[in-house]
Amino acid sequence: MRNTAKITTAVLAAGALTLGLSACGSEDSAADKDGKLIVAATPTPQGAILTYVQQNLAKKAGLDLEVKEFTDYVTPNTAVQQGEVFANYFQHKPYLDDFNKKNGTDIVPVKGATVHLEPLGVYSKSLKKLGDLKNGSTVAVPNDTTNEARALKLLADNGIIELKKGVGYEATPKDIAKNPKNLKFKELEAPTLPRSLADVDAAVINGNYALEAKPALSPAKDALVAEKAKGNPYGNFLAVKKGDENDPRVKKLAKLLTSPEVKKFIEDKYDGAVVAAF
């Protein structure tokens, strides 16, 4: 998923529900008599990955799959909760946990259906390696809660800073315990980070925004360091309302989404800006 912002509660949820109902339509019930599986997704890369499955794999597996795309991060969850779609694919666990807590929903990940990661990477126009950061250097980071914490953790994992013990998914620069190079942090909207590279010593950029940069940036080729997919809590997964995890259609889709064919599709299409997490 892309840049995540804090969800404010019932007002957003109510508005999103209205949008979800109008977008899906009553004739498109998630429990169609013909067994169709309707899945909500954001367009890139989730929608593209689901469309690949729909066009190339689903029919052979006996799965009637329909993809409904949404451009926000609220409607896909409210639509699942209200039964307007059966599943969604657009989010990671920290975001879902926060959403469920704030909105009273009970959406859960499907076991074994974590599909991809959009890795954060550290980029620079002046540095050859991360260790070349000098005393007082400026590092740009995303200013939204989830991705700022990810950015700081990436720097901590690579020995640049040290975070306070027990800091979770809401870490900010105030939670830095040790900053031996006295780095200065510039908090910016995630989509603007690629453009900031001319004005800072380094920037931590989401994989999807790196790919959209002009010229494009590749986490695999251009990043000084980048997140690893294995064991990463920010992998995007298939999710359903609690109790629907064992639906046969869901199990079929989970298997297809983590197939060798999908892994190759991700590798060929996204040049490291999206990586398979299975």
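These figures come from a predicted structure and were not determined experimentally.
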Is the shortest heavy-atom distance from the side chain of [X] to the side chain of [Y] under 4.5 Å?
{"X": "Ser137", "Y": "Lys184", "answer": "no"}
{"X": "Asn77", "Y": "Tyr95", "answer": "yes"}
{"X": "Val262", "Y": "Leu57", "answer": "yes"}
{"X": "Leu155", "Y": "Lys153", "answer": "no"}
{"X": "Asn236", "Y": "Gln91", "answer": "no"}
{"X": "Leu238", "Y": "Leu253", "answer": "yes"}
{"X": "Asn158", "Y": "Leu130", "answer": "yes"}
{"X": "Val139", "Y": "Leu133", "answer": "yes"}

Any side-chain to backbone donor/acceptor pair from [X] onto [Y]? Under 3.5 Å, distance only.
{"X": "Gln54", "Y": "Leu65", "result": "yes"}
{"X": "Thr75", "Y": "Asp72", "result": "no"}
{"X": "Arg249", "Y": "Leu63", "result": "no"}
{"X": "Asn88", "Y": "Pro76", "result": "yes"}
{"X": "Ser124", "Y": "Ser126", "result": "yes"}
{"X": "Lys181", "Y": "Gly131", "result": "yes"}
{"X": "Asp201", "Y": "Thr138", "result": "yes"}
{"X": "Thr258", "Y": "Ala254", "result": "yes"}
{"X": "Glu187", "Y": "Ala140", "result": "no"}
{"X": "Asn147", "Y": "Asn143", "result": "no"}

Residue pairs involving residues 147-204 (criterion ring-ring contact (aromatic ring centres under 6.0 Å, His included); sequence neighbours excluded):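 Pairs touching residues 147-204 that pass the test: Tyr169-Tyr234.
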
Contact list for residues 250-269, test ring-ring contact (aromatic ring centres under 6.0 Å, His included), sequence neighbours left out: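 Pairs touching residues 250-269 that pass the test: Tyr52-Phe265.
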
Intermediate values then yes/no, salt bridge (charged side-chain N to carboxylate O under 4.0 Å, His left out), Lys251 and Asp247: CA-CA 6 Å; Lys251 286 190 168 184; Asp247 185 284; over 6 Å; no

Residues that Lys252 engages under salt bridge (charged side-chain N to carboxylate O under 4.0 Å, His left out), provided they are two or more places apart: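 Salt bridge (charged side-chain N to carboxylate O under 4.0 Å, His left out) check on Lys252 returns nothing, list empty.
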
Got a salt bridge between Lys241 and Asp244, using NZ or NE/NH1/NH2 to carboxylate O under 4.0 Å?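 The answer is no: the pair does not qualify as a salt bridge.
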
So, Lys101 and Asp97, do they make that salt bridge, N to O below 4.0 Å?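 Looking at Lys101 and Asp97, the cut-off is not met.
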
Start with the C-alpha distance between Val115 and Tyr89, add both sets of side-chain angles, then the distance that settles side-chain contact (heavy atoms from CB on, under 4.5 Å), and finish with yes or no. CA-CA 9 Å; Val115 184; Tyr89 168 37; 3.2 Å; yes

Take Phe86 and Val80, measure what side-chain contact (heavy atoms from CB on, under 4.5 Å) needs, and give me the verdict at the end. CA-CA 6 Å; Phe86 202 85; Val80 166; over 6 Å; no

Non-hydrogen atoms of [X] and [Y] that approach each other most closely:
{"X": "Leu193", "Y": "Val204", "answer": "CD1-O, 3.1 Å"}
{"X": "Glu69", "Y": "Gly47", "answer": "OE2-CA, 3.7 Å"}
{"X": "Pro233", "Y": "His92", "answer": "O-CB, 3.8 Å"}
{"X": "Glu118", "Y": "Gln46", "answer": "OE2-NE2, 3.6 Å"}
{"X": "Tyr123", "Y": "Leu217", "answer": "CE2-CB, 3.7 Å"}
{"X": "Asn206", "Y": "Arg150", "answer": "ND2-NH1, 4.4 Å"}

For a quick check under 3.5 Å, do [X] and [Y] share a side-chain donor-acceptor pair by atom type?
{"X": "Gln81", "Y": "Asn103", "result": "no"}
{"X": "Glu261", "Y": "Asn56", "result": "no"}
{"X": "Asn179", "Y": "Glu162", "result": "no"}

Between Leu154 and Leu127, is there shared hydrophobic-cluster membership here, with clusters defined by ILVMFWY side-chain heavy atoms closer than 4.5 Å?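 Yes, because Leu154 and Leu127 connect within a single hydrophobic cluster, where side-chain heavy atoms sit under 4.5 Å apart.
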
If two hydrophobic side chains count as joined below 4.5 Å and joins carry through other members, does Val167 share a cluster with Val141?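 No; tracing contacts between hydrophobic side chains, which count when under 4.5 Å, never links both residues.
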
After noting the C-alpha distance and the side-chain angles of Ile176 and Leu163, does the key distance pass the side-chain contact (heavy atoms from CB on, under 4.5 Å) rule? CA-CA 4 Å; Ile176 295 173; Leu163 294 172; 4.0 Å; yes

Is there a side-chain contact (heavy atoms from CB on, under 4.5 Å) between Asp175 and Leu152 once you walk through the steps? CA-CA 9 Å; Asp175 296 304; Leu152 295 174; 6.0 Å; no

Return the CZ to OG1 distance between Phe90 and Thr44, rounded to the nearest 0.5 Å.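 Separation between the atoms: 15.0 Å.
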
